[in-house]
K.L.:
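Please read through the structure below; I'll follow up with questions.
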Amino acid sequence: MRSITLPGEEPTLILFHGTGGDENDLIALARHVAPTHAIRSYRGITSENGMLRWFPRTGMNTFDETTVREHIDAMIAGIREDYSDEELASSILIGYSNGANAIAAMMQRGLAVRRAALLHPMLVLDDENTYDADLFVTLGERDRMIPREEAEKLIEHLKTRGARIETYTSPSGHEIASAEADALRAWITARADPR
Ligand code: MLT
């Protein structure tokens, strides 16, 4: 998979942008939440009318699960070319919207993620797994792109299968609010010990 890397301390932050973004989008956020840490930021592997994404959708928040699985498995293969399971487990993944959904789906499909921040995600696949992971999940009270009930379905799915989750509810919409970025920084600071 295409990506950009910036050197820095461990743990590395591995970034997955949202729909219509690219590998540059979350760099400023990563610098804000962990200024001295190494970064790898991936570029979406599929395009919807020129908007980069991680997997296709059939409509707003509707998906063909077989197609999603194919793309997610291709992402997992790409990440495994770049990281061993141990390296991945010691990294912190951060995804926004479609990128957050891709991280959750990769976890459902067996990628060994131990620390991740899922910003404005929803449950896309019905695959089940168990999760030995510390997660920071955000949702927006006025999020019309991904209503909070959709994010809550993912939280429920992950929590009941072992994930340790801290949630942050933003009073605003689908965007990453500045107080939300600050909450993410606090979460990362508490967990940024190299493992
Ligand atoms: C998705 O397709 O993953 C969600 O609808 C979020 C998004 O539009 O990126």
Side-chain angles (χ1 to χ4, degrees), residues 1-3 13-30 33 40-79 93-111 113 116-129 131 133 135-159 161 163 165 167-177 180-181 184:
M1 277 197 294
R2 277 177 67 181
S3 64
L13 307 182
I14 305 179
L15 312 178
F16 299 86
H17 63 77
T19 300
D22 67 20
E23 64 274 37
N24 299 300
D25 267 32
L26 296 179
I27 300 290
L29 176 73
V33 300
R40 182 190 289 265
S41 186
Y42 285 106
R43 180 179 174 85
I45 59 171
T46 187
S47 160
E48 177 188 283
N49 302 320
M51 294 188 299
L52 291 173
R53 288 176 53 84
W54 301 100
F55 50 83
R57 56 184 165 184
T58 51
M60 269 315 281
N61 296 346
T62 59
F63 307 93
D64 172 56
E65 289 200 25
T66 303
T67 310
V68 174
R69 286 189 192 101
E70 283 165 12
H71 285 73
I72 292 301
D73 291 352
M75 287 179 74
I76 291 175
I79 290 170
L93 283 67
I94 303 176
Y96 169 57
S97 192
N98 184 242
N101 298 345
I103 295 173
M106 288 192 288
M107 292 173 68
Q108 289 177 275
R109 304 283 294 160
L111 192 68
V113 174
L118 309 178
L119 311 178
H120 301 266
M122 62 178 284
L123 185 62
V124 171
L125 293 179
D126 64 8
D127 296 41
E128 300 210 358
N129 213 327
Y131 310 106
L135 303 176
F136 181 76
V137 182
T138 71
L139 23 89
E141 257 167 23
R142 292 196 192 79
D143 192 334
R144 281 184 294 186
M145 194 80 86
I146 298 184
R148 63 177 298 167
E149 310 82 70
E150 294 300 320
E152 279 161 358
K153 280 184 204 163
L154 176 65
I155 292 168
E156 183 66 15
H157 170 94
L158 294 166
K159 217 178 223 173
R161 292 164 183 81
I165 302 187
T167 59
Y168 175 87
T169 304
S170 161
S172 49
H174 195 61
E175 73 278 8
I176 303 169
E180 178 178 345
L184 173 58

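All values below were derived from every heavy atom in this structure, side-chain atoms included, with hydrogens, water molecules and symmetry-related copies excluded. All of these numbers come straight from a predicted model, not from anything done at the bench. As the structure lists them, so they are numbered: ligands from 1, and atoms in each ligand from 1.
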K.L.:
Out of T138, V137, N98, which one pairs with H120 under the side chain to side chain contact (heavy atoms under 4.5 Å, CB included) rule?
P.N.:
T138
K.L.:
Check each N or O atom of ligand 1 against all protein N or O atoms and list the pairs under 3.5 Å, with atom names and distances to 0.1 Å, one per line.
P.N.:
residue  : atom  : partner : partner atom : Å
ligand 1 : 2 (O) : R53     : NH1          : 3.0
ligand 1 : 2 (O) : R53     : NH2          : 2.8
ligand 1 : 3 (O) : N98     : ND2          : 2.8
ligand 1 : 3 (O) : N101    : ND2          : 2.8
ligand 1 : 5 (O) : N61     : OD1          : 2.4
ligand 1 : 8 (O) : R57     : NH1          : 2.8
ligand 1 : 9 (O) : T19     : OG1          : 2.5
ligand 1 : 9 (O) : S97     : OG           : 3.1
ligand 1 : 9 (O) : N98     : N            : 3.3

K.L.:
Taking only residues two or more places apart in sequence or in another chain, which ones pass side-chain hydrogen bond (donor to acceptor under 3.5 Å, both in side chains) with E70?
P.N.:
none
K.L.:
If the condition is salt bridge (charged side-chain N to carboxylate O under 4.0 Å, His left out), which residues does D73 pass it with, not counting sequence neighbours?
P.N.:
R109
K.L.:
I'd like to check the salt bridge (charged side-chain N to carboxylate O under 4.0 Å, His left out) partners of E150; sequence neighbours left out, ordered by chain and number.
P.N.:
K153
K.L.:
State plainly whether the residues R57 and D64 are in salt-bridge range, i.e. N to O under 4.0 Å.
P.N.:
no
K.L.:
If the test is side chain to side chain contact (heavy atoms under 4.5 Å, CB included), which one of E152, M122, E180 qualifies with L139?
P.N.:
E152
